[in-house]
S.K.: 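Sharing a structure, written as structure tokens. Questions coming.
Both backbone and side-chain heavy atoms feed into the values below; hydrogens, waters and symmetry mates do not. Per chain, numbering begins at 1; letters A, B, ... match sequence-line order.
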Amino acid sequence: MDHIYITTPLYYVNAEPHLGHTYTTIVADTVKRYCRQQGLNAFLLTGTDEHGDKIAQAAKASGMEPKAYADKISAIFRSTWDACGIAYDHFIRTTDDYHKKFVQQVLQKIYDSGDIYFGEYGGFYCYGCERFYTEKELVGGKCPDHQKEPAYIQEKNYFFRMGKYQQRLIDTIQAHPDLIRPERYRSEVLAFLREPLEDLSISRPKSRLEWGIPLPFDSDHVTYVWFDALINYVSALKFLGEDVFNAYWPTANHLIAKDILKPHAIYWPTMLMAAGLPLYKHLNVHGYWVMDSGKMSKSLGNVVRPLEMKERYGMDAFRYFLLREMAFGQDATFSLDALINRVNADLANNLGNFVSRVLAMQEKYFAGAVQPLSGEWSKEDAELRDKFRQAEVEMKRHMESLQFHRALESVWVALDHANRYTVQTSPFVLFKDPEKRPRVGEILHHLLEVIRTAGRLIAPFLPDTAKELQTLLATSENALDSQKPWGSFFAPGHRVLPPKVLFPRIESTPKT
RNA sequence: CGCGGGGUGGAGCAGCCUGGUAGCUCGCAAGGCUCAUAACCUUGAGGUCCCGGGUUCAAAUCCCGGCCCCGCAACCA
């Protein structure tokens, strides 16, 4: 396989980007960068979901047309991802013409094949909320928002024969154990599928919801969320060309949070089946960030704004925290204390300080000039190299199972060892004896290899830092991509730059 | 019997799928080093891995039961 297609969900434009959006997007970006580094053609899609009642209402509330409102919020998402350095390849909006057209094509196709029918839908409708409630949602028979009893109304809607594909879906999930992962979510889906699947309401009458894509076979109805929002994953590729679609679609890796598991694990594959399209390759599901609001400064409230985090701590520090702290699939706690702790311990102390000490010695002892490596390696030298080889192997394994926190951990195990090696070999002591200076040069050569290798390994996670490391090494060849073996990268005499503080220690929680 | 997750040294977590000396970060104690961002290195104290059964030569890890927390339950990642 030489392609991989990675998607984030389409973010609903009823709110500005928050921590949840940011996490999924950063994970997607990291996976893309990693795959690209592994030699794959990686394509990352993100975008915005812009239709629906909530948007129409929000637009009205701010005195705007729905499209103008969506334009505004969508632009905020896009510029946020740009500012965060997210390497997306295409940004799709569900209001894009090509998308609307494609959605209609798919609807027409499924309608023609008989899997969409006109039926009656009855339910408890609250005129205040302008939405239906299920019996379970009602509190004491009343709408939880308006404290009023909803009216039971019936309305004609179009339905997708989802139930028809239930068994095929179960069979598919069972035949492909890693279709939905981590496994807990697969189990959850299979558990849900033990109950009969009802058909899916996919339209709303225009009289009640205008802001949507009209059904091609009945202009009095518009598409309700599912067909509109999910199909983007395919429409974006189709828009870029049939060859792009053919190359990437079979490799699709969707990234989502657990709240939209059901639509992606059940509605979407059955829709694809009905449309005669192959299924995605993996559905990758992560957990929630739980706000530790007790430890958060008040002005931050419960909203973590990505740009604010970038401003305060730097994008890489923020990325590092998110990727290192959450075990993909499980919930994790977000707190500034934990973030500061991580940044100080792992980035400032372990990585940053390590780079400083190595470059400082290289500068002080040899004016930055790399010294030659003799054929004879000490036991420590070989062990150091092996630790990084091991880190690379483990990283690969953990990336394949989406365990980003473990992938990073394996690099830091090696970095810890590099700090230990520095003390064990003590070049700063040896240097005092002029006869031992060649050995000091060798040790530093190995330590520069550590910087190069660590830079390569962390590049998908901390792209800016990796670039800075490369700059400090000052090599003409791209140090982050080079596959040259340990010890053969630096030409003797090549000058590296003096140290620079990569991550300043954060002294205390800001109380702004 | 709605569904799911969790309960591991002072705090926060990983490990559990693929049983076999209980690991990480922070904090604490003592020492070392001086190249470095008051960093880095070494050592130490501290744990009935929620409880009770079971399987096994062996269980934090698998199975059964119980207790206690926490999310979700048709469109907030």
S.K.: Given the P atoms of B:A38 and B:A14, what is the spacing between them in whole Å?
M.R.: 32 Å
S.K.: Please give the distance between the P atoms of B:A45 and B:G10 as a whole number of Å.
M.R.: 15 Å
S.K.: What is the distance, rounded to the nearest whole Å, between atom CG of A:L430 and atom P of B:U34?
M.R.: 11 Å
S.K.: Can you confirm whether the side chains of A:T425 and A:E380 place a donor and an acceptor under 3.5 Å from each other?
M.R.: no
S.K.: Considering only atom C1', compute the distance from B:C50 to B:C69 and round it to an integer number of Å.
M.R.: 11 Å
S.K.: Aromatic rings A:H21 and A:H18: how do their planes relate, parallel, tilted or perpendicular, breaks at 30° and 60°?
M.R.: tilted
S.K.: Is any side-chain N or O of A:Y11 under 3.5 Å from a base N or O of B:A77, one able to act as donor and the other as acceptor?
M.R.: no
S.K.: According to the Watson-Crick and G-U wobble definitions, with both distances under 3.5 Å, which nucleotide is paired to B:U42?
M.R.: B:A30
S.K.: Specify the separation, in whole Å, of atom CZ of A:R505 and atom C1' of B:A38.
M.R.: 8 Å
S.K.: Roughly how far apart, to the nearest Å, are B:G44 and B:U48 at atom C1'?
M.R.: 23 Å
S.K.: Test salt bridge (charged side-chain N to carboxylate O under 4.0 Å, His left out) on A:E383 and A:K387 and set out the steps.
M.R.: CA-CA 6 Å; A:E383 198 186 353; A:K387 287 283 179 185; 5.1 Å; no
S.K.: Between A:R319 and A:D464, is there a salt bridge with N-O shorter than 4.0 Å?
M.R.: no
S.K.: For B:G6 and B:C41, measure between their P atoms and round to the nearest Å.
M.R.: 33 Å
S.K.: Can you figure out which of B:U25, B:C40, B:C75 approaches the side chain of A:Y224 most closely?
M.R.: B:C75
S.K.: Say you pick atom C1' in B:C68 and the same atom in B:U56; how far apart are they, in whole Å?
M.R.: 29 Å
S.K.: From the list B:A14, B:C41, B:A74, which nucleotide is the closest neighbour of the side chain of A:L200?
M.R.: B:A74
S.K.: Checking contacts here: which listed nucleotide (B:A74, B:U25, B:A14) is nearest the side-chain heavy atoms of A:A345?
M.R.: B:U25
S.K.: Are A:R439 and A:D433 within salt-bridge range, i.e. N to O under 4.0 Å?
M.R.: no
S.K.: Which whole-number value in Å describes the distance from A:F428 CZ to B:C33 P?
M.R.: 10 Å
S.K.: Once you round it to whole Å, what is the distance between P of B:G6 and CE of A:M326?
M.R.: 14 Å
